[in-house]
Amino acid sequence: MHTLYARVNNVTALLSSCMMVLLAAIALSSFIFTADPKGQLAITNVQVVPGNARRYGHRQQDFAFVNFNVSADLSPLFNWNTKQLFLYVSAEYTNKKGVTNEVVIWDRIVRRKEDAKISLAGRNKYNFRELSASFRDVPPAHYSLKYNVMPHVGVLTYGEAARTVEPVLFPAQRQLS
Amino acid sequence: MLEYIQKVFEGKIDFEGQNLVEQIVRITLFAATVVSFLLGFALQSLQVTFGAFSVVTVALFLVVLPPWPMYNRYPVQWLPAQDTKAK
């Protein structure tokens with residue numbers, strides 16, 4: 001502590017310890033906020049259309065097109081330690097082989113509290129395909145609206161805001177004229 | 001000239017000054033941590049937390065790092081040199 005450099009060393013050492021304590025306290029404070037907002041997710045239309053699977057040359061492949069309505073007020077999830085929300089709609093079904101699949105068909109990043117009130121009619125952003133190339137005889141799927149809360153400091157938390165009450169059937173393949 | 005620059009950058013303070021600096025640094029940093037957390041939590045803003053913490057830190061650097069006269073009030077009193085060659 002007798003010279004300038006010794007003082008710089010001493011002060012910054014204690015400063016970094018205090019900063020760590022501060023960051024840990026902020027991370028832990030996230031657990032106080034236990035908002036669990038719920039919304040609605042309604043599937044309005046599902047269509048199954050054949051197409052070319054680009055990855056495998058000219059193999060025929062079914063594509064599902066899902067239209068849905070989402071309404072949810074997720075603004076309670078924004079607290080002082082929330083950086084952004086990642087919202088996604090996923091389809092959950094168990095295929096013929098008994099494998100449980102979860103396919104993300106739509107997502108959105110919400111950066112501001114003002115944008116956290118979601119009310120939209122959307123359709124899948126990402127190709128929705130079955131691994132076996134066909135949706136024939138695939139059991140009905142549940143759809144759910146889920147979110148990740150991304151904090152500035154701390155742990156990523158998951159949650160589910162909405163879920164279809166009844167599983168939704170995959171219709172028969174529609175022939176394109 | 002070079003000696004003067006060296007002295008400025010060395011910034012020596014006496015033993016009482018070192019004790020004082022230690023106390024100031026401890027109390028200020030601990031208090032800043034607690035107060036900035038509570039302030040940010042109350043206002044629900046991380047910007048307030050880190051703003052307050054960094055303002056206090058910069059102020060602390062200004063108070064503690066330069067060899068202000070208040071840290072040199074008790075210079076060490078050396079005993080007079082003894083003439084060992086006598087006798």
Side-chain angles (χ1 to χ4, degrees), chain A residues 1-37 73-86 109-117 148-157, chain B residues 5-68 70-72 74-76:
Chain A
M1 294 289 268
H2 60 298
T3 62
L4 181 64
Y5 300 113
R7 285 200 294 282
V8 170
N9 189 352
N10 208 310
V11 174
T12 49
L14 190 60
L15 177 65
S16 63
S17 301
C18 286
M19 185 62 99
M20 285 299 154
V21 169
L22 186 57
L23 292 175
I26 292 168
L28 288 176
S29 78
S30 293
F31 294 109
I32 297 173
F33 304 101
T34 52
D36 186 22
D73 183 7
L74 299 174
S75 48
L77 292 174
F78 276 85
N79 56 55
W80 73 326
N81 195 17
T82 306
K83 185 183 181 191
Q84 59 185 17
L85 298 181
F86 179 70
I109 293 170
V110 180
R111 291 209 163 87
R112 300 184 306 161
K113 192 175 188 175
E114 298 87 72
D115 299 334
K117 210 166 181 169
N148 291 168
V149 184
M150 300 184 187
H152 288 288
V153 192
V155 293
L156 185 70
T157 46
Chain B
I5 292 172
Q6 203 176 1
K7 212 178 159 197
V8 166
F9 275 94
E10 213 174 11
K12 274 195 176 174
I13 58 175
D14 64 32
F15 289 117
E16 292 294 325
Q18 291 176 37
N19 187 30
L20 186 57
V21 164
E22 175 84 44
Q23 300 295 330
I24 292 174
V25 168
R26 269 222 196 127
I27 292 168
T28 316
L29 281 180
F30 290 164
T33 309
V34 173
V35 169
S36 59
F37 178 82
L38 293 177
L39 204 63
F41 192 85
L43 299 174
Q44 284 291 296
S45 160
L46 276 186
Q47 214 173 341
V48 169
T49 300
F50 287 105
F53 195 70
S54 43
V55 165
V56 172
T57 304
V58 169
L60 180 68
F61 280 1
L62 287 178
V63 168
V64 141
L65 295 185
W68 297 117
M70 61 186 275
Y71 303 131
N72 273 319
Y74 305 97
V76 178

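Residue numbers begin at 1 in each chain, while the letters A, B, ... track the order of the sequences. Basis for what follows: all heavy atoms, side chains included, without hydrogens, waters or symmetry-related copies. What you see is a predicted model, and the numbers here were worked out from it, not measured in a lab.
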**Student:** Given heavy-atom pairs under 4.5 angstrom as the criterion, report whether the side chain, backbone, both or neither of B:Thr49 touches chain A.
**Tutor:**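 Side chain only.
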**Student:** Enter the distance from A:Met19:CE to B:Ser36:OG here, rounded to the nearest 0.5 Å.
**Tutor:**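 Going from CE on A:Met19 over to OG on B:Ser36, the span is 8.5 Å.
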**Student:** Quick check: closest heavy atoms across A:Thr3 and B:Lys12, and the distance to 0.1 Å?
**Tutor:**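 Closest heavy-atom pair between A:Thr3 and B:Lys12: CG2-CG, 4.2 Å.
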**Student:** Could you tell me which portion of A:Ser17 (side chain, backbone, both or neither) has an atom closer than 4.5 angstrom to a non-hydrogen atom of chain B?
**Tutor:**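 No part of it gets close to chain B.
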**Student:** Would you say B:Gln44's side chain and A:Trp80's backbone share a donor-acceptor pair under 3.5 angstrom?
**Tutor:**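 The answer is yes, because a donor-acceptor pair under 3.5 Å joins these two groups.
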**Student:** Side chains of B:Leu65 and A:Tyr5: closer than 4.5 Å at any heavy-atom pair?
**Tutor:**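 No, too far: nothing below the 4.5 Å cut-off.
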**Student:** Select one option (side chain, backbone, both, neither) describing which atoms of B:Leu60 are under 4.5 Å from chain A's heavy atoms.
**Tutor:**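 Interface part for B:Leu60: side chain.
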**Student:** What are the two closest non-hydrogen atoms of A:Val21 and B:Thr33, and how far apart are they?
**Tutor:**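 Taking every non-hydrogen atom into account, CG1-CG2, 4.4 Å.
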**Student:** For B:Phe9, is it the side chain, the backbone, both or neither that has a heavy atom under 4.5 Å from a heavy atom of chain A?
**Tutor:**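 Its backbone and side chain both get close to chain A.
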**Student:** Select one option (side chain, backbone, both, neither) describing which atoms of B:Glu22 are under 4.5 Å from chain A's heavy atoms.
**Tutor:**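 Both backbone and side chain.
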**Student:** Can you tell which part of A:Asn10 gets under 4.5 Å to a heavy atom of chain B, answering side chain, backbone, both or neither?
**Tutor:**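 Side chain of A:Asn10 only, per the 4.5 Å heavy-atom cut-off to chain B.
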**Student:** Taking all atoms of both residues into account, what is the closest heavy-atom pair of A:Cys18 and B:Phe53, and its distance?
**Tutor:**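 Result for this residue pair: CB-CZ, 4.1 Å.
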**Student:** Could you tell me which portion of A:Phe78 (side chain, backbone, both or neither) has an atom closer than 4.5 angstrom to a non-hydrogen atom of chain B?
**Tutor:**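 Contact with chain B involves no heavy atom of A:Phe78 at all.
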**Student:** Let me know if B:Phe41 has heavy atoms under 4.5 Å from chain A in its side chain, its backbone, both or neither.
**Tutor:**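 B:Phe41 touches chain A through backbone and side-chain heavy atoms alike.
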**Student:** With a sphere of 6.0 Å drawn around CD of B:Gln47, does it hold more than 12 non-hydrogen atoms of other residues, nucleotides or ligands?
**Tutor:**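 12 or below, so no.
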**Student:** Within the distance-only criterion (no hydrogens, no angle test), does the side chain of A:Arg7 pair as donor or acceptor with the backbone N or O of B:Gly11 below 3.5 angstrom?
**Tutor:**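 Between the backbone of B:Gly11 and the side chain of A:Arg7 there is a qualifying donor-acceptor contact (under 3.5 Å).
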**Student:** Can you give me the closest heavy-atom contact between B:Leu29 and A:Val11, atom names plus distance?
**Tutor:**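 In this case the closest contact between B:Leu29 and A:Val11 is CD1-O, 4.0 Å.
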**Student:** Could you state the interatomic distance from CG (A:Leu4) to CD (B:Glu10), rounded to the nearest 0.5 Å?
**Tutor:**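 It comes to 9.5 Å.
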